[in-house]
Amino acid sequence: MAYHRLALSALLVATISTSQAFTPVSMPRATTRISNASLKMVATTPADLGMDINQKTGDGNGDANGAMMDLTGIVFSGLKGKALSLNSEDFPKAKDVKAVIPKDCFEPETAKSLGYLSVSLISTALCTAIGAAMVSAIGTSFFTLPIWTAYSAVTGTVAMGLWVLAHECGHGAFSKDRKLQDAIGYILHSLLLVPYYSWQRSHAVHHQYTNHMELGETHVPEIYEEENTAYQGREWFLEKFGEEKGLKYWGSVQGFLHLAVGWPGYLLLGATGGPARGMTNHFYPNPLSTPSQPRKELFPGNWKEKVYQSDIGIASVVGGLVAWAACHGVGEVMALYGGPLIVINAWLVLYTWLQHTDTDVPHFTEEDHNYVRGALHTIDRPYDKLDPFGLIDFLHHKIGSTHVAHHFDSSIPHYKAQAATDAIKEGFPEFYLYDPTPIPAALWRVCKGCVAVEKRGDKYIWKNDGLEDALSK
């Protein structure tokens, strides 16, 4: 993955030095194209961002061979190369995809959204109450670390539902009452140390430029070069430890960097974001480095003020945490809050990473990308099979098992996303991507095999020359 070298270096220095349901305001859709720099309203959909989602892909002269492309170095996932067989000229227009989705799917229901919010709030509150009782019973000494680790895993997994609902607020899929949904989203995200409006903007950009090599906002691949790339880093591991152990060690490092370090790295430095905007920060609206496309800066116009509005919520929560630690100790704060938050962040990265990345899922340049092509390269996965009862998928409001529909139109509430998914699957089966690979196996394959890409035709393909068999095991 494209952990930009400068961003990763700065993040590692910072790390070492410190030792250590539903949707916001329903927005009116834009009916005319507007420039990126002139945006004044909160944009929650590509149309709000001024993008024509029905535009034609590139110049129509892309890879016409589809499945006949050179397959050397390509490792098939559970998709079995399906995404590589899709030709640019065959993709439907946005209006055609939208036409097959029941109209009711685009209507949020405030009462139902609040009902799901109550489920996540009550579940998280119960876990926290148990944790508070555990603090009194066993304390937070080093010897209780295994117990608190288990507590963090459970509580963080449950509380991830709150993150998903705040995410829906950011998309305007929670309620038609803009003030209500923004208030809920702002409070929930601030409590989870997410700058609400800053992330709302960057996430809308992510939706607009899914699998875009230059302007993609998260998990943008690094382009293969003979020197100074992550690809050479993996080669070093293979030479040093042999193929089998080298891949395991490399995959472990990548898993840690993404799941443990990735989210703060993204918020602070724009880690894994596309190169066009330079290094970015979600708490400071101006680019930290010179962007190659200044007109595509992440926080243009009135968004700069909204970044600072988001900072107020974060500062308030951080102040509360400092006061808590001063009164009751850092151990208690980490046990009841810090540990679960780390788990929440890991879940977030896991979802985002696996929804758009696998060894046979391509990326595209500005000339060959459009909104529909990006959205339909999203992957639904079997999160409902993570546990015998589908409980995790329920608690997370099916964010990973109905994500194709969500990426096509993020105004669809999660409780209507399954109906939208079924409609897309039935109406456009050749474009719907579902990988049945169990989540742990899919994550391990991506950790080891998604390192750097090279261009073939109109697609950028993950390069794994000579490792096809090893990565397919």
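Under the 3.5 Å distance criterion, the side-chain polar atoms of Arg381 are matched with a main-chain donor or acceptor of Leu354. Looking at Tyr460, its side chain never comes within 3.5 Å of a backbone N or O of Pro221 through a donor-acceptor pair.
With a 4.5 Å cut-off on side-chain heavy atoms, Ile399 and Asp393 do not count as touching. For the pair Asp409 and Lys98, the minimum side-chain heavy-atom distance is below 4.5 Å. No side-chain heavy atom of Trp163 sits less than 4.5 Å from a side-chain heavy atom of Leu188.
No donor-acceptor contact under 3.5 angstrom links the side chains of Tyr351 and His403, judged on distance only. Under the 3.5 Å distance criterion, with hydrogens and angles disregarded, a donor-acceptor pair is assigned to the side chains of His167 and His406. A donor-acceptor pair shorter than 3.5 Å can be found between the side chains of Asp435 and Thr437.
Counting only residues at least two apart or in different chains, salt bridge (Lys or Arg N to Asp or Glu O under 4.0 Å) contacts with residues 262-289 comprise Glu217-Arg277.
When Val404, Ile101, Asp380 are each tested for a side-chain contact (heavy atoms from CB on, under 4.5 Å) with Thr421, only one passes: Asp380.
Nearest approach of Trp250 to Arg234, heavy atoms of both residues: CZ3-N, 3.5 Å.
Rounded to the nearest 0.5 angstrom, Gln208 CD and His407 NE2 are separated by 12.0 Å. Atom NZ of Lys448 is separated from atom OG of Ser252 by 9.5 Å, given to the nearest 0.5 angstrom.
One finds no salt bridge joining Lys112 and Glu107 here, because no Lys/Arg side-chain nitrogen approaches an Asp/Glu carboxylate oxygen to under 4.0 Å.
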